[in-house]
Each structure stands twice: as C-alpha cells, then as structure tokens.
Chemist: 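Sharing a structure here in structure tokens format.
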Amino acid sequence: MAQIKPSLAKGTRDFSPEEMEKRTYIFDTIRTVFRKYGYREIQTPSFENLGTLTGKYGDEGDKLIFKILNSGDFWEKAVPTDRDLHSAPKSGSNGFSSKSLLPLIAEKALRYDLTVPFARYVVMHQNEITLPFKRYQIQPVWRADRPQKGRYREFYQCDADVVGSESLLNEAEFVLIYQEALSSLGLTDFTIKINNRKILAGIAELLGKPELIVDMTVAIDKLDKIGLEGVSNELIVRGFTEGDVEKLKPVILLKGTNEEKLARLKKVLEGSETGLRGIAEIETVFEYLSLLSPADGGLENPDCQLDITLARGLNYYTGCIFEVKTNQVAMGSIGGGGRYDDLTGMFGLKGLTGVGISFGADRIYDVLEELGLFPAGAVQGTRVLISNFDEKAERYALPILQQLRKNGIAAELYPTAAKLKKQLAYADARHIPYVILIGEEEMQSGLLSLKNMQTGEQQKLSANELTGQLFLAQGL
RNA sequence: GUGGUUUUAGCUCAGUUGGUUAGAGCGCCUGAUUGUGGUUCAGGAGGUCGUGGGUUCGAGCCCCAUAUUCCACCCCA
C-alpha cells in the first residue's frame, strides 16, 4: 500500500492529553451547572437519517450538512426521474440534477446541531418521558463550513433544553445558567444578549411588511459591523422603503438601560399585539431574574442586556432569543439559544413548546486559552512518580505503588531502571509534583525519600507517613 | 459557495534581483554530574522548503494546478 503523508481533514483537530484535561474541565463545569438546575443527560447518535435533518436549518444550513454516502452499489440503484431527464443538466449527461441525486446516494448525515436530534428524541420517546422534560446533551456536531478562527467543522456543543413548559421561568434560569457556568470558568466580562422574535415581528408588522421580518432582522443584526448607513442600504436592497428605514432608525439605535428601552419600545409597538406580547415576555423574564438574583439587582444586571438588533436562527425561534459574547477577546458568540413554539411539530407532535441554550465548548476553550484562565487544577495528571533504581528496588516499590493508588493518589512507577536523571526529567516533563526515591539506603532504613519537584526539597518518610502526606496534599 | 492570505527543522519564524552545502531561537538527544529534573557549559541529530506539474544551465524564490491555515463575505457555536 502506498505511503500517505499523515494529515488532518480540514477543520478537524487532535486533542493531546493536556488539551483533553482542559476540555474535560470545561465540560465538567458546564455539566455541573446543568445538573444543578435539574437537567438530565441524554445522548443521540452521531448520524441521523438525512430526512431528519434537512429542511430544519434553512437553505444555507442544508448545504452545510455533512452527508454520508450510501454503502453498496448506490450508483446502480440510482434512477433518474423523468423530470431530471427533461431538465438540462449543468454538466455531464448522467441525467441527474445534484438535488435529485442526493437522496438517492445519501440517506444518512452527521448531526448538525443537538436541538433537532433532541426534538426527534422527544417525539420518539413521548410515552416514556414526563413533561416538562429537561435534558442536557454534550456531544460533537459537524458542519461543512469553511473553517476560520473559532469555527471548526467538528466541534462540541453543550445544550440544555426543556420541552413542555411555557413558563418564562425557564428563560430566566437559562440566563442564570449562563452567568453561573461562564463565571465558574473564570470569565469576568461577558454579555448575555436577549431579544424576542415577537418584538421583531411586531416591528415588521407596523411597517406593513410582516413577510420581510427575516430580511429586516438580518439587516439590523449587522449594525455592529457595518454601521447605520450600511444597515440602511441593506434594508433598501432587501425591499424596504426610505420611509420604512426612517421609522426603523429610532428602534435600531435604541439606547439606555433595559427599562428605558422597554418603555420606548412599548410606545413604538402600541399598535402591534404581537410586539407588545414580546415586550411583556421580556419584562417577565427580567422580573424573574430580579427575584432569582436579588443581590445583583436583577433588571439592572449588566450581564443581561436587551438587544433589539439580535437575530438568531430565525428558522425556528418564536419567542425569546439569547446570544452570549465575551468582551475579553475577539471571538464569535460562545453561546446562543431561544424558544421554539413548535419544534416537534415537524416530527408530528404538535403544540409542544421548547426553549434551550447552547454553549460552544471549543470557542470557550479558545477564549480561556487566550486569557490564560485555565486553573492549574484543570490539568490533573499523575501526582507521584516512584523511581526505579534496579530490580530489587522495583520489587520493593510495587506494594507501595498500590498503597498509594488505593488511597486515590495517581501514582506510577518508572518502568525501567533508567538513569535517575532521565527519570526526573520525565517527572518534570509530565509536571508530576512528587517523586519517591527508593535505593539501597531507603530499603535498609525503611525511610523513603520524597522529593518535592517544585521546591527541590527532600524528606525521609515511612511508606505510611508518605501516603498520608500525599493524600493531604491532593486537595492543594 | 465567492474573494484574499498562509505553508521552510518537533515548535515559532528568517532566507536579498533565481546561483555552491537552506539558517536562527526554543525544544530534542549525548556528555560535564556512577543516586537528583527545572539553571549553566560543551557537543550532536533532525529538512524531498505543503503536494503535483511547468519555465530555466540552475527554483525555497518565477508560472499553473491542488491541499491546508487564517481573514472578509455568507452563515454560525
């Protein structure tokens, strides 16, 4: 077989032991918070039937789904339809259009997010689950996107969703989950943006163009990037009039505290029942928040801001929308979510509402790395290495090795009687904080040498004393 | 999917108008130190210059294709 130069597929990464320890630290931190708020873990398969995923993420999203080629002689079984034969193919003359060919050669695809598989799960397990059902899920997802910084083709999402509960308490709790998890990870300056699709719908309605809500939102979402003028241009390109743009300006440029923004919006949206309902929802969320975190002042909490220019996943969100950004480094959003009134509807279970959030673990990793926020404790490897002088010392060390492990101390014995220099260099490279030296002298006295690799100090202790001391040092 | 950018030692990067044997720092290996790492000193190994074509007497450098990285758009975690 021809030798092939080793390489990674575009947008994928290997994770070394140290990276895995840090990643696990992130997952564990988020998991702990999810569990604290009553969410329970599920997992779903890496790939789903193609039909489960297509049509859920919009045209753009569909293009980014990784499809899995059928096994066997799929080509033999693929038969063009009359329609394919009559429409002129762009290239070649196999009789297919790429759209009609796809379902014939691929019937499976890698999951694109965790929300749609969750919706499928809920529908399939509706008779076993008790509503409201709160689940979290930490698994990789795949997108055939063009990679960039903080954008990978394989990455982990940490999702928490609840279905079967209309209560806005869920939304409020998600804000708290974000605050708690991100703070626990050491982030100090981040913004949780909140908006409501109904407010956006109300605005579009007042302009007399409810059908253009997506265009409107996509345009004003770019305010940060292209400025007011850019947004105005984009709005006009997307079918709005100069007059519409004038009416929109005060809304787009809305400033002040959440309270002030809400007060102004209330006036603007007086004529829209939908819009007012959106405002009422946001107000309720803020009210819950203030009751849940009285010390922080709730409504004035700087971490949660009403942002009317926030647009997200408009394909299925219907109520509150969230997005989390860190202000400490340049990075896309590190989390997002929202409410969807009828996610399970597309799988035949009508009228079940859901709301959820997602953490982008890989982006959080990049942020923590850039800020140097991983605590020393995040990388917890071997605590103590026992040196290996010769065969006799090795045999002497084995019971001690197990004694350490029985006490929960991660310990290893250097596997060969290499030069001590090499053994210590190994401990150093692995950041092992302690080394036990056992030579002729130690075996005779029964007092082992314990070397602290950080200070270089050595002391002589019996095996029992030593185990006790290392056990106590674990917590530090 | 569109436009641009990057790729040279394990890592981070130099490399002049195309010209002998492609360099540095860090890391790695060996020794000074027979039972002491992280400091110091001496020595050493390591490259098909992303890959495949082409131009040329001669290519790391020029041309074409392709992969990859990062960036902008699109979209998103």
Side-chain angles (χ1 to χ4, degrees), chain A residues 3-13 16 26 30 57-65 98 111-115 138-159 178 214 217-219 221-222 225-226 230 234 310-315 321-326 330-338 356-367 385 387-390 393 414 417-443 448-458:
Chain A
Q3 287 265 328
I4 190 168
K5 191 176 179 178
S7 63
L8 286 170
K10 186 195 277 216
T12 64
R13 299 147 298 155
S16 64
I26 292 174
I30 293 172
Y57 310 107
D59 285 345
E60 284 301 317
D62 280 0
K63 284 184 206 158
L64 300 180
I65 295 173
S98 48
R111 78 165 95 76
Y112 178 88
D113 72 355
L114 300 178
T115 308
I138 298 175
Q139 289 192 275
V141 303
W142 294 268
R143 294 184 188 177
D145 212 347
R146 189 175 286 208
Q148 281 183 36
K149 184 181 184 181
R151 177 179 289 194
Y152 306 101
R153 287 183 145 185
E154 177 182 60
F155 61 97
Y156 273 70
Q157 288 191 326
C158 312
D159 274 33
Y178 271 136
V214 172
T217 316
V218 167
D221 181 48
K222 295 180 185 167
K225 244 181 207 171
I226 61 179
E234 179 131 0
L310 170 62
R312 292 193 53 80
L314 287 163
N315 284 298
I321 307 166
F322 303 107
E323 180 168 282
V324 189
K325 294 198 75 170
T326 167
M331 177 66 72
S333 60
I334 55 175
I357 54 166
S358 180
F359 287 82
D362 302 77
R363 284 187 178 174
I364 291 172
Y365 182 101
D366 291 344
V367 169
L385 175 77
S387 70
N388 188 331
F389 279 68
D390 51 37
Y414 199 85
K419 284 185 184 171
L420 187 58
K421 180 185 167 76
K422 192 174 172 113
Q423 302 191 30
L424 287 170
Y426 172 82
D428 202 40
R430 292 272 314 273
H431 300 118
I432 298 172
Y434 295 97
V435 174
I436 298 170
L437 300 167
I438 303 175
E440 202 55 48
E441 194 190 318
E442 284 84 357
M443 285 189 278
L448 314 176
S449 296
L450 177 66
K451 182 180 174 77
N452 180 322
M453 292 297 281
Q454 216 160 30
T455 62
E457 284 165 9
Q458 265 176 244

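Throughout, a chain's letter reflects where its sequence line sits, starting with A, and its residues are numbered from 1. Treat the numbers as computed from the prediction; the structure is a model and nothing was measured.
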Chemist: Looking at every heavy atom in both A:S333 and A:K325, which two are closest together, and how far apart are they?
Modeler: CA-CG, 4.2 Å
Chemist: Using salt bridge (charged side-chain N to carboxylate O under 4.0 Å, His left out) as the criterion, list what pairs up with A:E154, not counting sequence neighbours.
Modeler: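 If we apply the salt bridge (charged side-chain N to carboxylate O under 4.0 Å, His left out) test to A:E154, skipping adjacent residues, there are no hits.
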Chemist: What nucleotide among B:C74, B:G35, B:G37 has an atom nearest to a side-chain atom of A:M453?
Modeler: B:G37
Chemist: Check the distance between B:G1's P and A:D62's CG and give it to me in whole angstrom.
Modeler: 15 Å
Chemist: In whole Å, measure the gap between the P atoms of B:C26 and B:A65 for me.
Modeler: 41 Å
Chemist: For nucleotides 30-32 of chain B, list the nitrogen or oxygen atoms of the protein found under 3.5 Å from its nitrogen or oxygen atoms, one pair per line.
Modeler:
from: B:G31; atom 1: OP1; to: A:K419; atom 2: NZ; distance (Å): 2.6

Chemist: Is there a donor and acceptor pair closer than 3.5 Å between the side chain of A:E442 and the base of B:G35?
Modeler: yes
Chemist: Could you tell me the separation between the CD1 atom of A:I226 and the C1' atom of B:C73, rounded to a whole number of Å?
Modeler: 11 Å
Chemist: Over all strands shown, is A:G456 touching base, sugar-phosphate only, or nothing at heavy-atom distances under 4.0 angstrom?
Modeler: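 Answer is base: heavy atoms of A:G456 come under 4.0 Å of a base.
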Chemist: Could you tell me how far B:G38 sits from B:A22 if I compare only their C1' atoms? Round to whole Å.
Modeler: 33 Å
Chemist: Please identify each residue that fulfils ring pair (Phe, Tyr, Trp, His ring centres under 6.0 Å) with A:Y426, with sequence neighbours left out.
Modeler: A:Y414
Chemist: Record whether the side chain of A:Q458 comes under 3.5 Å of the base of B:U36 through a donor-acceptor pair of N or O atoms.
Modeler: yes
Chemist: Reading RNA chain B 5' to 3', what string of ( ), [ ], | and . shows its pairs, if Watson-Crick and G-U wobble pairs count only when both distances fall under 3.5 Å?
Modeler: ((((..(..((((.....[...)))).(((((.......))))).....(((((..]....))))))..))))....
Chemist: Determine the Euclidean distance between corresponding C1' atoms of B:U16 and B:G60; express it in Å to zero decimal places.
Modeler: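 That atom pair is separated by 13 Å.
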Chemist: Determine whether any donor atom in the side chain of A:D428 lies under 3.5 Å from an acceptor atom in the base of B:G37, or the reverse, and answer yes or no.
Modeler: yes
Chemist: Taking any heavy-atom pair under 4.0 Å as a contact, classify A:K325: base, sugar-phosphate, or nothing.
Modeler: nothing
Chemist: Write down the distance between CZ (A:F389) and C1' (B:U34), rounded to a whole number of angstrom.
Modeler: 12 Å
Chemist: Is it the case that the side chain of A:R363 and the backbone of A:G150 share a donor-acceptor pair, with hydrogens and angles ignored and the cut-off at 3.5 Å?
Modeler: yes
Chemist: Which is true for A:G332 with a 4.0 Å heavy-atom rule: it touches a base, it touches only sugar-phosphate, or it touches nothing?
Modeler: nothing
Chemist: Side chains of A:S449 and A:E442 only: does a donor on one sit below 3.5 Å from an acceptor on the other?
Modeler: yes
Chemist: What nucleotide, of B:C75, B:G35, B:G37, holds the atom closest to the side chain of A:E441?
Modeler: B:G35
Chemist: How long is the line joining CD of A:E60 and P of B:G1, in whole Å?
Modeler: 12 Å
Chemist: If we take the P atom in both B:C64 and B:G4, what is their distance in whole Å?
Modeler: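 Here B:C64 and B:G4 have their P atoms 12 Å from each other.
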Chemist: Determine the contact category for A:Q454: base if any of its heavy atoms lies under 4.0 Å from a base atom, sugar-phosphate if only primed atoms, P, OP1 or OP2 are that close, otherwise nothing.
Modeler: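 Base, at least one base heavy atom under 4.0 Å.
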Chemist: Checking side chain to side chain contact (heavy atoms under 4.5 Å, CB included) for the pair A:L424/A:K451: CA distance, chi angles, key distance, verdict?
Modeler: CA-CA 10 Å; A:L424 287 170; A:K451 182 180 174 77; 4.3 Å; yes
Chemist: Of all residues at least two apart in sequence or in a different chain, which pass the salt bridge (charged side-chain N to carboxylate O under 4.0 Å, His left out) check with A:R151?
Modeler: A:D145
Chemist: Let me know, please, whether A:E234 or A:L420 comes out on the 5' side of the other along RNA chain B by nearest nucleotide.
Modeler: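 Whichever sits nearer the 5' end wins; that is A:L420.
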Chemist: Holding to salt bridge (charged side-chain N to carboxylate O under 4.0 Å, His left out), I want the full list of residues that pass it with A:K63, two or more places apart in sequence or in another chain.
Modeler: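 Salt bridge (charged side-chain N to carboxylate O under 4.0 Å, His left out) list for A:K63, sorted by chain: A:E60.
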Chemist: Could you tell me how far B:G47 sits from B:C13 if I compare only their C1' atoms? Round to whole Å.
Modeler: 15 Å
Chemist: What pairs with A:Y178 under ring pair (Phe, Tyr, Trp, His ring centres under 6.0 Å), at least two apart in sequence or on another chain?
Modeler: A:F359
Chemist: Contact class for A:A427 vs. all strands (heavy atom < 4.0 Å): base, sugar-phosphate, or nothing?
Modeler: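 No contact.
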Chemist: Mind checking if A:E457 touches a base, just sugar-phosphate, or nothing, with heavy atoms under 4.0 Å?
Modeler: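 Result for A:E457 = nothing.
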Chemist: Nearest whole angstrom, please: distance from the P of B:C76 to the CG of A:D221.
Modeler: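 So the two atoms are 9 Å apart, to the nearest Å.
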Chemist: Who are the side chain to side chain donor-acceptor pair (under 3.5 Å) partners of A:S358, not counting sequence neighbours?
Modeler: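 Residues passing side chain to side chain donor-acceptor pair (under 3.5 Å) with A:S358: A:D159.
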Chemist: Whole angstrom is fine here: how far is it from CG in A:L424 over to P in B:G38?
Modeler: 9 Å
Chemist: When rounded to the nearest Å, what value does the distance between C1' atoms of B:U39 and B:A24 take?
Modeler: 22 Å
Chemist: Return the set of residues passing ring pair (Phe, Tyr, Trp, His ring centres under 6.0 Å) with A:F389 (not counting sequence neighbours), or none when no residue passes.
Modeler: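 Testing A:F389 for ring pair (Phe, Tyr, Trp, His ring centres under 6.0 Å), a comparison that skips the adjacent residues, returns none.
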Chemist: Taking the side chain as C-beta and beyond, is there a heavy-atom pair between A:I432 and A:M453 under 4.5 Å?
Modeler: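 Contact flag for A:I432/A:M453 side chains = no.
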Chemist: Using the ring pair (Phe, Tyr, Trp, His ring centres under 6.0 Å) criterion, which residues pair with A:Y434? Sequence neighbours excluded.
Modeler: none
Chemist: Rounded to the Å, how far apart are A:M331 CE and B:C76 P?
Modeler: 18 Å
Chemist: Quick check: on RNA chain B, is the nucleotide nearest A:V324 upstream (toward 5') of the one nearest A:A425, or the reverse? Name the residue that is more 5'.
Modeler: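 Nearest nucleotide further toward 5': that of A:A425.
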Chemist: Please measure how far the P atom in B:U6 lies from the corresponding atom in B:G15, and state the result in whole Å.
Modeler: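 Nearest-Å result for B:U6 against B:G15 at atom P: 13 Å.
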Chemist: When rounded to the nearest Å, what value does the distance between C1' atoms of B:U68 and B:U8 take?
Modeler: 15 Å
Chemist: Pairs under 3.5 angstrom, nitrogen or oxygen only, protein versus nucleotides 67-72 of chain B, please.
Modeler:
from: B:U68; atom 1: OP2; to: A:K10; atom 2: NZ; distance (Å): 3.4
from: B:U69; atom 1: OP1; to: A:G11; atom 2: N; distance (Å): 3.2
from: B:C71; atom 1: OP2; to: A:K149; atom 2: N; distance (Å): 2.1
from: B:A72; atom 1: OP2; to: A:Q148; atom 2: OE1; distance (Å): 3.1

Chemist: When the distance from CG of A:L448 to P of B:G35 is rounded to whole Å, what number comes out?
Modeler: 18 Å
Chemist: Could you list the residues that satisfy salt bridge (charged side-chain N to carboxylate O under 4.0 Å, His left out) with A:R13, not counting sequence neighbours?
Modeler: A:D362
